[in-house]
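As a basis for the values below, the full set of heavy atoms in this structure was taken, side chains included, without hydrogen atoms, waters or symmetry mates. Numbered from 1 within each chain, the chains take letters A, B, ... in sequence-line order.
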There are 2 protein chains.
Amino acid sequence: MRLSDGVEWAIHCCTVLAFVPPDGALPASALAEFHEVPPAYLAKHLQSLSRAGIVEAVPGPKGGYRLGRPPAEVSLLDIVLAVEGAEPAFRCTEIRQRGPAAMPERAYRLPCAIARAMWDAEEAWRDSLAGTSVADVVVSLGETVSPKAAAKAAAWFSEVVR
Amino acid sequence: MRLSDGVEWAIHCCTVLAFVPPDGALPASALAEFHEVPPAYLAKHLQSLSRAGIVEAVPGPKGGYRLGRPPAEVSLLDIVLAVEGAEPAFRCTEIRQRGPAAMPERAYRLPCAIARAMWDAEEAWRDSLAGTSVADVVVSLGETVSPKAAAKAAAWFSEVVR
DNA sequence: GTCCCTATACTCGGATAGCAAGTGTCCGAGTATAGGCGG
DNA sequence: CCGCCTATACTCGGACACTTGCTATCCGAGTATAGGGAC
């Protein structure tokens, strides 16, 4: 099991976009430069965020991206689902309904106990992600990043924000 | 993000193996037939379980697999880690250390707040899986499977177990 | 000097190749069994 | 008749092709801007 690298990039981008004023915008190229990742590939993931309404796209010159709603209302789960898709990681293929001990279909009204256990675990994972917002992450970053680093990032930010 | 199909197969196999007496064994071919999955590919996953000590392999004629320890001491997490590998799903590539706002390496002693949030969620997932044993699953199955289905499976089982 | 128009340059968006990991398969190494042989 | 030996057949174990999905990229559609021209 492996999460796409795009998830990490998308979350980092959202934390940066949290500092963009509501009428401003930050181009994808700037975000790619800031994180030193392939611009075209990052753009692909930003499009996923845009489709999900997490970020808002502004076309044309002076355009770019900004958050589609307040940082406190964007959970990490929203971002993960937008990038990775909403399908569950565990997919029950109902192998219990096959083989020499198989029964008529109506015998399988109740969900498979194994699938239920796996889905419960996945729900715990999603709950944890849903309980953390971009605003929370920004606060945590503010507590762990040194003032010098914050100043350096702020200086870069003021040059590329619009 | 997607879990391998082998995880589902491995868990189902362990629930079946829970019924094998301590001095008995069940060949991989029988497990493949019971679940109607490719025998060679299932064998690959059973080997992973064997390496992890979850199942015990008995070579030669009258050989096969049995659980390596009591069903109550085999958690779903053990199985998932054996099949999928122990690497975390989220991998922090430390992109915060790159780009125009990067700082000297010693500025990054504290772990990335984003990675920490992702790992916390993953820990919740693992805790949930660790809290469910094969014995628990067997009990749940006993409660949800119809008596007729159980009898049919038991009949098949008594013919292939050794 | 002011307003309007047009050409421009920059943005996002979807469609297109390349590669790695999961999927599926095969053949070889090892062992308990079953049968045959000798005592 | 009993014990030993050997050949057999069945098991697991690791090494080899193939396919799906992630990784990475490019080009086209749309828009606010900036400059030039007309009034």
**Q.** Nucleotide of C/dT23, C/dG13, D/dC12 approaching B/Y65 most closely (side-chain heavy atoms)
**A.** D/dC12
Q: Starting at CZ of A/R96, measure out to OH of A/Y108 and round the result to the nearest 0.5 Å.
A: 7.0 Å
**Q.** N/O (side chain, A/S50) to phosphate O (OP1/OP2, C/dC12) under 4.0 Å
**A.** no
Q | Length of the line joining B/E33:CD and D/dT11:P, which is rounded to integer Å | A | 12 Å
(Q) Expressed as a whole number of angstroms, how long is the span from B/M1:CE to D/dT20:C1'? (A) 18 Å
Q) Where each residue is assigned the nucleotide of DNA chain D containing its nearest heavy atom, which of B/P27 and A/S4 is assigned the position nearer the 5′ end? A) B/P27
Q) How many angstroms lie between CG in B/L31 and CG in B/L26, if you round to the nearest 0.5 Å? A) 4.5 Å
Q) Sub-3.5 Å donor-acceptor pair from the side chain of B/S140 to the main-chain atoms of B/D136, do we have one? A) yes
Q | Whole-Å gap separating C1' (D/dC12) and CZ (B/R66) | A | 14 Å
Q: Name the closest nucleotide to the B/A40 side chain, picking from C/dT25, D/dT11, D/dA24.
A: C/dT25
Q. Rounding to a whole Å, what distance do you find between A/L42:CG and C/dG13:C1'?
A. 14 Å
Q) Side chain of A/P61: nearest nucleotide among C/dC10, C/dT23, D/dA24? A) C/dC10
Q.
How many whole angstroms separate atom CD of A/E56 from atom P of C/dC12?
A. 13 Å
Q. Expressed in angstrom and rounded to an integer, what is the separation of B/Q47 atom CD from D/dC16 atom P?
A. 15 Å
Q: Report the residue (B/G60 or A/S29) whose heavy-atom-nearest nucleotide on DNA chain C is the more 5′ of the two.
A: A/S29
Q: Would you name the heavy atoms of B/R66 and B/D23 that are closest together and state the gap between them?
A: NH1-C, 3.5 Å
Q. What's the closest nucleotide to the A/Y41 side chain, out of C/dT25, D/dT23, C/dC10?
A. D/dT23
**Q.** Atom pair distance, as rounded to whole Å: NZ in B/K44 and P in D/dA15
**A.** 10 Å
Q: Supply the atom-to-atom distance B/E143 CD to A/L110 CG, rounded to the nearest 0.5 angstrom.
A: 10.5 Å
**Q.** C/dT11 OP1/OP2 closer than 4.0 Å to side-chain N/O of A/R162
**A.** yes
Q. Is any side-chain heavy atom of B/W125 closer than 4.5 Å to a side-chain heavy atom of A/S128?
A. no
Q) Is B/A28 touching bases, backbone alone, or none of the nucleic acid, heavy atoms closer than 4.0 Å? A) sugar-phosphate
Q. Would you say C/dG14 has OP1 or OP2 under 4.0 Å from some side-chain N or O of A/R51?
A. yes
Q: Name the nucleic acid region contacted by B/G6, choosing base, sugar-phosphate or nothing; use a 4.0 angstrom heavy-atom cut-off, strictly under.
A: nothing
Q: Please determine, for the side chain of A/D5, which listed nucleotide (D/dC12, C/dT23, D/dT23) has the closest atom?
A: D/dT23
Q. Just how far, in rounded Å, is C1' of C/dG13 from CG of A/L46?
A. 12 Å
(Q) Regarding A/A57, tell me which of base, sugar-phosphate or nothing describes its non-hydrogen contacts under 4.0 Å with the strands shown. (A) sugar-phosphate
(Q) If you only use heavy atoms from C-beta on, which nucleotide in D/dT33, D/dA24, C/dG13 is closest to the side chain of A/K62? (A) D/dT33
